[in-house]
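In what follows, a structure is listed as structure tokens, so that the remarks can point back to it.
Residue numbers start at 1 and run along the sequence shown.
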Amino acid sequence: MAQAGAGLKWGVERRLEFIEFRLFWEGGVNRADIIDMFDVSVPQASKDLTLYQERAPRNAIYDKSAKRYVASESFTPCFLKPDPDRYLSQLRSVADGIVDRAHAWIGHFPSFGVTPSPARGIRAEVLRSVLSAIRQCKAVEIRYQSLSTSEPRWRWITPHALGFDGFRWHARAFCGADRTFKDFLLSRILETRATKPGEIEASADIDWQDEVTLEIGPHPGLSDAQKKVIALDYGMRDGKVRVKVRKALLYYTLKRLGLDIDPNSRAPQDQQIVLLGPLATRSGGHTNGLTGTVNAWA
């Protein structure tokens, strides 16, 4: 794939990737598709299609009746590696309103639905201030509404990273008031004001730096056929899969996978997966046993 795109400018290679995306996922592409997506001229779109045929001569055949190029039976990707996650993530982004349909590479949308997620009220000014503090290694004063207090209060944090728990975005930061690293929900930061030099370096956040390995397998109470399909669902090999996660995100990961409760408390068909052994945390090249979970939030 890299050889097919050798010597091409980024914009040209990007358009050839788009041509291949449409050929693979939708079976065909025409000049209008390229013009609409990249706002190029008719001659440029024709030139792109000609160049694609030169670089991948056995992939596309011109269908005169349909007036478009269709994928040949010998089609082999040359400019991209077809990725189901990339395709499906576009559907989800469109459903969530993150990407406009006109900006997605998908031309013909299948009928689809996505479980809705409540919108998070993150203010652009707040995110900008947090990103600036991370970039400049500074502390920023935030007005934060914690559920442990009835009213919001001002506090200093030194953020060094962002984290996503599957539903919400957090700022991973050192809390000046509690003198520890915690997770601050971006939607609960109501406003920011002053900045100052950061209190501590990101390398001191051990829970963020350390990785935990989860070894997951099908629930032993499932039938052999059910275990096989669960293995396919989770990309398991030999009945197990290893998942690495930052120790600071372990609590969220276990909760999202349904591994934060006793696996025997639910029917095997509902639980589906279990942890196969004790967790292990890796730091500085050394692996140690981990029996508890980690959760620190504001």
Got a second to check how far [X]'s [atom1] is from [Y]'s [atom2], nearest 0.5 Å?
X	Y	atom1	atom2	value
D205	R246	CG	CZ	9.0 Å
I157	H160	CD1	NE2	10.5 Å
L80	R14	CG	CZ	10.0 Å
E215	R242	CD	CZ	4.0 Å
I230	L222	CD1	CG	6.0 Å
Q209	E211	CD	CD	10.0 Å

* Heavy-atom side-chain contact between F79 and I19 under 4.5 Å -> no
* Check whether any side-chain heavy atom of V29 lies under 4.5 Å from a side-chain heavy atom of Y52, and answer yes or no. => no
* Asked: Tell me, which pairs form a side chain to side chain donor-acceptor pair (under 3.5 Å) where one or both residues lie in residues 85-112, sequence neighbours left out?
  -> none
* Pair listing, side chain to side chain donor-acceptor pair (under 3.5 Å) test, anchored in residues 121-131, at least two apart -> S129-T192
Keeping [X] on the side-chain end and [Y] on the backbone end, is there a donor-acceptor pair under 3.5 Å?
X	Y	answer
R188	Q145	no
T158	I200	no
Y144	L185	yes
N30	A32	yes
N59	T76	yes
E26	G107	yes
Q271	G258	yes

* **Trace of the side chain to side chain contact (heavy atoms under 4.5 Å, CB included) decision for R172 with D207** => CA-CA 10 Å; R172 182 69 180 177; D207 286 343; 3.7 Å; yes
* Asked: Between I216, V241, D233, which is the residue that forms a side chain to side chain contact (heavy atoms under 4.5 Å, CB included) with I273?
  -> I216
Could you check whether atom [atom1] of [X] has more than 12 heavy atoms from other residues, nucleotides or ligands sitting under 6.0 Å from it?
X	atom1	value
K67	NZ	no
F38	CZ	yes
D238	CG	no
R31	CZ	no
R58	CZ	no
E201	CD	no

* Asked: Charged N to carboxylate O below 4.0 Å: is that the case for R179 and E199?
  -> yes
* To do: Evaluate the criterion side chain to side chain contact (heavy atoms under 4.5 Å, CB included) for residue pair R168 and S187; output intermediate values, then yes/no.
  => CA-CA 8 Å; R168 304 173 297 182; S187 58; 5.7 Å; no
If you compare all heavy atoms of [X] against all heavy atoms of [Y], which two are closest, and at what distance to 0.1 Å?
X	Y	result
R22	A104	NH2-O, 4.5 Å
I106	F21	N-CE2, 4.0 Å
I142	F184	CD1-CD2, 4.2 Å

* Asked: Hey, what's the ring geometry for F75 with F24, parallel, tilted or perpendicular (30° and 60° as the breaks)?
  -> tilted
* **Selection residues 39-49 - residue pairs positive for salt bridge (charged side-chain N to carboxylate O under 4.0 Å, His left out), sequence neighbours left out** => R15-D48
* **Shared hydrophobic cluster for W154 and W156 (ILVMFWY, side-chain gaps under 4.5 Å)** => no
